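Keep in mind it's a predicted model, so treat the numbers as computed, not measured. Excluded from the calculations below are hydrogen atoms, water molecules and symmetry mates; all remaining heavy atoms, backbone and side chain alike, are included. Here is the naming used below: chain letters follow the sequence lines, and residue numbers restart at 1 for every chain.
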Amino acid sequence: MLYESLCAVTTTPPLSCESIALSLTDKNQQGEITSNLALQLASKLGLAPRTLATTLQKHLQDNPHIRTVDVAGPGFLNLTLTPTFWHQQLQALLAVKTPLTCAIGNNERVNLEYVSANPTGAMHVGHARGAVFGDVLANMLQASGYDVTREYYINDAGEQINHLIASTLWHYQTLAGRTPPKPENFYPGDEIKHCAQDLYRQHGKAPLALLDQAPPTRTQTLRRHVTDSMLAIIRQDLACLRIRHDVFSSEEELHRSQAIEASIDTLTKKGLVYEGTLPPPKGKEDETWRPTPTLLFKAQQFGDEQDRPLKKDNATWTYFAADIGYHQNKLARGFTTLMNIWGADHSGYRARLQGAVQALSNGQAQLKVLLMAMVRLTVEGKHVKISKRSGNVITLRTLVEETSADAVRFMMLTRRHDAPLVFDMQTAIQEKRENPLFYVQYAHARCCSVLRQPLAQKILAQTDAPKSTPPGTPPLSSLTAEHEIALIKVLACWPYFFEKAVLALEPHRITYLLTMTAESFHSLWSQGKQNHQLRFLDENDSERTADRLALIQATQRILKAGLALLGITAMDELRDND
RNA sequence: GGCCCCGUAGCUCAGUUGGAUAGAGCAACGGACUUCUAAUCCGUGGGUCGCACGUUCGAAUCGUGCCGGGGUCGCCA
């Protein structure tokens, strides 16, 4: 809204300025709002930046919201706005029912695929990051008017599942009193053992009947049982982080329904599939490499480094082929924007799938791939190795149990998705400034604490009823202290920054803004300790108190709404009253 | 070796998509509780934004080349 009002004022020169970005508030002495508008427009208009800035300055001076306009440096416009302007921003904020929403989505259907961990056991710490990221991004998109479907792709076909099935069968046979040789690629982990035990129990009366089944039938039975029980574990893990999906899609289903054939067929008709041989990997010696002709997708046409195989040597479809079928399926369901959240180890896979989506949709749909960088866990500052081989895997569940779902959700979003993240177990649960979630919750609790006071209740009851402000005085006009205005600015910028965060697909900006808001509020709070004039509640001045309560209400609502986007419930009270 | 991501204070990281004198937290030091919750706040010190060119009024941000870290490189998913 700052943005718009400024644009409206500056459209006086003969050029639209929609595409020109303004920079917002800065806390130093260069005005409250600074704009590089003149610098940007000057070259287009063929004017010197400073002369353009000066003409703009003359127009802007007439604006009643603007107190001072300065031209500085090469042609910056530094504006100082009237307190009334900020009061109006605050009022506008209080007038909206749901503070953090916008309408940029236009009901566009977005398919957001995240987690999609292989159903091979419990989820670990790395999965948690992608899970939280996807979940919060979905929240943000929904709040912005997108029609979001949260999706999970179950990799229940392929070799890994075959290993799982073989391992389960081995456990099963052992339970039945037999001593079969351990299969190759035996899958360690208690989950498989439990899985076999469950199955044994179900077949209690005639456990050996399963072993007597013909191998294809037996495999089918085992497959369903294994994937079901692994998926149950995953769903529980996700549930303890309060993460949900709307749709679970099965890879196996794609194989069964001939969906893969159909999609490859589509690509073949477009002339993008051929039988060929790939060159050997460059710069890497591999004696086992043999040139083998296979079915290839022309990924190079879409910017990939090379064409990519669709069939394995054993004539079954590759994972890529199945994924093409899957994304064809997404497109068929009417999605034009697809977003996939992957671990950074899949970066080499991005170009080929984007190519496939482009080909399948004739360039009508786009696939955005967001790669999650690694998570490192520390305990008391020391790194905990997360390695599957050492069996030292910290599971998602352990992490949540030792901290909390709220802590994991917040901490996982304190960094950009493509930057590595260090998660410190102590910090996540500490009730200290350096735990940002606590810091934000504390600010919210403090807001609630003030609003709970009898005096506050009394004044709120008065202002809620008739309009008690005397006519002629603008509302909220008593909020003039530096720290009060500073807090209003932070609050007023939220809608703008929220929108930017959505467009950038960057949930971490929400945690950052929450921390900034809490900081500004805590700072204002402490002012009241130095200077009692700045305390929120003053029984001798109900006007000022009412205005300050409005500011606190706005702060409280923004904090609550921001936390809600993160899937975290704001706390009204933090201290135990024992 | 090819490709992708990253490199910002001693440590962990932001930096509003090209703006002015680059910001937080932790760690160090010094202050503020007759309270609307001091679980907080205020202040001080701390920088060749990996290096070098280039693009322009202007670069942590964009381009190219190096250096360093991580990931990945047909028949794993």
Nearest to the side chain of [X], which nucleotide is it out of [options]?
{"X": "K312(A)", "options": "U40(B), C3(B), C75(B)", "answer": "C75(B)"}
{"X": "R415(A)", "options": "C76(B), U40(B), A14(B)", "answer": "A14(B)"}
{"X": "V422(A)", "options": "A24(B), U12(B), C36(B)", "answer": "U12(B)"}
{"X": "Q453(A)", "options": "A32(B), A14(B), C36(B)", "answer": "C36(B)"}
{"X": "D313(A)", "options": "C75(B), G15(B), C3(B)", "answer": "C75(B)"}
{"X": "Y319(A)", "options": "U17(B), A24(B), A77(B)", "answer": "A77(B)"}
{"X": "L537(A)", "options": "U17(B), C36(B), G19(B)", "answer": "C36(B)"}
{"X": "Q160(A)", "options": "A77(B), G74(B), G71(B)", "answer": "A77(B)"}
{"X": "D418(A)", "options": "C6(B), A32(B), C36(B)", "answer": "C6(B)"}
{"X": "E305(A)", "options": "C5(B), U40(B), G2(B)", "answer": "G2(B)"}

Does [X] contact [N] through a side-chain donor or acceptor facing the base, at a distance under 3.5 Å?
{"X": "T292(A)", "N": "G74(B)", "result": "yes"}
{"X": "D345(A)", "N": "A77(B)", "result": "no"}
{"X": "T34(A)", "N": "A20(B)", "result": "yes"}

If the [atom1] atom of [N] is compared with that of [M], how far apart are they to the nearest Å?
{"N": "A22(B)", "M": "A59(B)", "atom1": "C1'", "result": "12 Å"}
{"N": "C75(B)", "M": "U16(B)", "atom1": "P", "result": "39 Å"}
{"N": "C73(B)", "M": "G15(B)", "atom1": "P", "result": "30 Å"}
{"N": "U61(B)", "M": "G18(B)", "atom1": "P", "result": "11 Å"}
{"N": "A77(B)", "M": "U17(B)", "atom1": "P", "result": "42 Å"}
{"N": "C6(B)", "M": "G50(B)", "atom1": "P", "result": "12 Å"}
{"N": "G63(B)", "M": "A24(B)", "atom1": "C1'", "result": "31 Å"}
{"N": "C26(B)", "M": "U72(B)", "atom1": "C1'", "result": "34 Å"}

Taking atom [atom2] of [N] as reference, at what distance in whole Å does atom [atom1] of [X] sit?
{"X": "F438(A)", "N": "U40(B)", "atom1": "CZ", "atom2": "C1'", "answer": "8 Å"}
{"X": "F76(A)", "N": "A20(B)", "atom1": "CZ", "atom2": "P", "answer": "6 Å"}
{"X": "Y496(A)", "N": "U16(B)", "atom1": "OH", "atom2": "P", "answer": "10 Å"}
{"X": "L421(A)", "N": "G25(B)", "atom1": "CG", "atom2": "P", "answer": "19 Å"}
{"X": "W494(A)", "N": "U16(B)", "atom1": "CH2", "atom2": "P", "answer": "16 Å"}
{"X": "K368(A)", "N": "C4(B)", "atom1": "NZ", "atom2": "P", "answer": "20 Å"}
{"X": "M372(A)", "N": "C5(B)", "atom1": "CE", "atom2": "C1'", "answer": "13 Å"}
{"X": "L371(A)", "N": "C3(B)", "atom1": "CG", "atom2": "P", "answer": "17 Å"}

Given [N], is OP1 or OP2 found less than 4.0 Å from the side-chain N or O atoms of [X]?
{"X": "R433(A)", "N": "C41(B)", "value": "yes"}
{"X": "S523(A)", "N": "C42(B)", "value": "yes"}
{"X": "Y439(A)", "N": "C41(B)", "value": "yes"}
{"X": "H508(A)", "N": "G15(B)", "value": "yes"}
{"X": "K500(A)", "N": "U17(B)", "value": "yes"}

Ionic contact status for E506(A) with K500(A), cut-off 4.0 Å: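 Result for this pair is no, no salt bridge flagged.
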
Can you find a side-chain donor-acceptor pair between [X] and [Y] that sits under 3.5 Å?
{"X": "H327(A)", "Y": "N340(A)", "value": "yes"}
{"X": "Y326(A)", "Y": "E151(A)", "value": "yes"}
{"X": "H417(A)", "Y": "R129(A)", "value": "no"}
{"X": "E434(A)", "Y": "Y439(A)", "value": "no"}
{"X": "S144(A)", "Y": "E499(A)", "value": "no"}

field: Syn/anti label of U17(B) as read from its glycosidic torsion, with the cut at 90° from 0
entry: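 Syn, angle within 90° of zero.
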
query: With sequence neighbours left out, which residue pairs that include part of residues 521-542 of chain A fulfil the salt bridge (charged side-chain N to carboxylate O under 4.0 Å, His left out) condition?
result: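 Residue pairs with at least one partner in residues 521-542 of chain A: there are none.
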
- prompt: Reckon A501(A) touches a base, only the sugar-phosphate, or nothing at all at heavy-atom distances under 4.0 Å?
  reply: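 The answer is nothing, as A501(A) stays clear of every strand by at least 4.0 Å.
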
message: Please classify the nucleic acid contact of R350(A) as base, sugar-phosphate, or nothing, using heavy-atom distances under 4.0 Å.
response: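 The residue R350(A) makes sugar-phosphate contact but no base contact.
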
query: Does R509(A) or K529(A) map to a spot on RNA chain B nearer the 5' end, using the closest nucleotide for each?
result: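 Comparing both residues, the 5'-ward one is R509(A).
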
- request: Please figure out whether L503(A) or G528(A) has its closest RNA chain B nucleotide nearer the 5' end.
  value: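 By nearest-heavy-atom nucleotide position, the 5'-most residue is L503(A).
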
- prompt: Any chance CD of E184(A) has more than 12 other-residue heavy atoms, nucleotides or ligands included, within less than 6.0 Å?
  reply: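 At most 12 heavy atoms, drawn from other residues, nucleotides or ligands, come within 6.0 Å of this atom.
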
- prompt: For Y512(A) and A14(B), is the gap between ring centres under 5.5 Å while the planes differ by less than 30°?
  reply: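 Not stacked by the 5.5 Å and 30° rule.
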
